[in-house]
Amino acid sequence: MEKKVKELAALIKNSKHVVVLTGAGMDTESNIPDFRGKEGWWKNIDPRTVASIDTFRENYSLFHEFYSMRLKMLEGIKPHEGHFILAELESKGRIESIATQNVAGLHALAGSRKVYELHGNIRSIRCNSCNREAKVKNFLNKEKCKSCGGHLRPGVVLFGEMLPTEAWDSALNDIERADLLIVIGSSLEVYPVNQLPMLTKGKTVLINNEDRGGTGMFDLKIIGKAREVLDSCFRLIFSSTP
Ligand code: OAD
């Protein structure tokens, strides 16, 4: 792994437009479970039965139960060293932006400024009918919208819904013109985000704790944990040895 991390550090040093794309594996070391990893959510639950727009419409109680549980699990959750390293790389001008599939907002909490939340944000509660904003506690208390009486929901993309256009367009624009795209902790099973690595003209790197196969198109693959790899890479980029 050490040799590959050196290659990554060199790539970052020699690139002008570096974009990072993160998935649930970026957040597991902050104690947020992923979806398709060894102990992921979707090992036991079919996502379409809880996290789809059909469930929202047809079985709001189940939808509400699932997202209440996920929101409660996020209480007290903090970014880890890897999130802080990405924020510092941005502030030092080494990376341009982060596109993320994660909905817990840990990149922004760590100080990253240019973050495209492609699957939304779980704490942005709104009414599904009229879009009026509400608070997390309104959702947890299963209150109705104060304007129209509609059901409240977290601002996440549900199965069967489109991605937020602005975040998608901005991410696509940055990725298309990037000379380096670093994907961290994603199974790349979910469309359309899994298309993004194919849409860059730049070099591509995948950091994941397991080799899932089907990722042969990456120029460099590092099998390791996000936090450890980012930490080693950061030290190499800023070490004084030439
Ligand atoms: P997945 O759970 O599908 O993939 C996460 C990947 O990260 C797995 O391959 C894990 O092995 C790996 N991983 C776990 N911990 C890691 C660590 N510490 N370091 C490196 N890798 C690690 O998550 P995503 O690809 O993000 O969508 O899933 C995409 C979408 O599927 C999610 O945004 C969610 C889900 O359904 C919606 O809810 C719309």
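Whatever order the structure lists them in is the order used to number ligands and atoms, beginning at 1. Throughout, numbering of the chain's residues begins at 1 and tracks the sequence. Just so it is clear, the values below take in all heavy atoms, side chains as well, and ignore hydrogens, waters and symmetry mates.
- When only interatomic distances are considered, the shortest N/O to N/O separation between N102 and ligand 1 does not fall below 3.5 Å.
- S30 pairs in a side chain to side chain contact (heavy atoms under 4.5 Å, CB included) with only one of the listed residues (L74, N102, I77, L109), which is I77.
- At least one heavy atom of F159 sits less than 4.0 Å from an atom of ligand 1.
- Interface atoms of ligand 1 facing G25, defined by a heavy-atom separation under 4.0 Å, are 5 (C), 7 (O), 13 (N), 14 (C), 15 (N), 16 (C), 17 (C), 18 (N), 19 (N), 22 (C).
- A salt bridge links K221 to D211: one of the charged nitrogens lies within less than 4.0 Å of a carboxylate oxygen.
- Counting non-hydrogen atoms of neighbouring residues, nucleotides and ligands closer than 6.0 angstrom, the CE atom of M217 exceeds 12 such neighbours.
- Ring pair F139/H64 is tilted by interplanar angle, where 30° to 60° counts as tilted.
- In terms of modelled atom types and a separation under 3.5 Å, the side chain of T49 and the main chain of D46 share a donor-acceptor contact.
- Listed by number with element, the atoms of ligand 1 under 4.0 Å from a non-hydrogen atom of E29 are 17 (C), 18 (N).
- Below 4.0 Å from some heavy atom of T28 lie the following atoms of ligand 1, by number and element: 14 (C), 15 (N), 16 (C), 17 (C), 18 (N).
- Of the options L188, I122, N209, the smallest heavy-atom separation from atom 22 (C) of ligand 1 is shown by N209.
- Any N or O atom pair closer than 3.5 Å counts here, and R70 shares no such pair with ligand 1.
- Not a single N or O atom of V190, backbone or side chain, sits closer than 3.5 Å to an N or O atom of ligand 1.
- Between K225 and ligand 1, a contact under 3.5 Å exists for no N or O pair.
- For ligand 1, the atoms closer than 4.0 angstrom to any heavy atom of A24 are 23 (O), 24 (P), 26 (O).
- Below 4.0 Å from some heavy atom of G224 lie the following atoms of ligand 1, by number and element: 19 (N), 20 (C).
- Heavy-atom proximity to G23, at under 4.0 Å, picks out these atoms of ligand 1: 26 (O).
- Under a 3.5 Å cut-off, the side chain of S97 and the backbone N or O of V115 do not form any donor-acceptor pair.
- Every heavy atom of E189 sits 4.0 Å or more from the atoms of ligand 1.
- Considering backbone and side-chain atoms alike, V157 places every N or O at 3.5 Å or more from each N or O of ligand 1.
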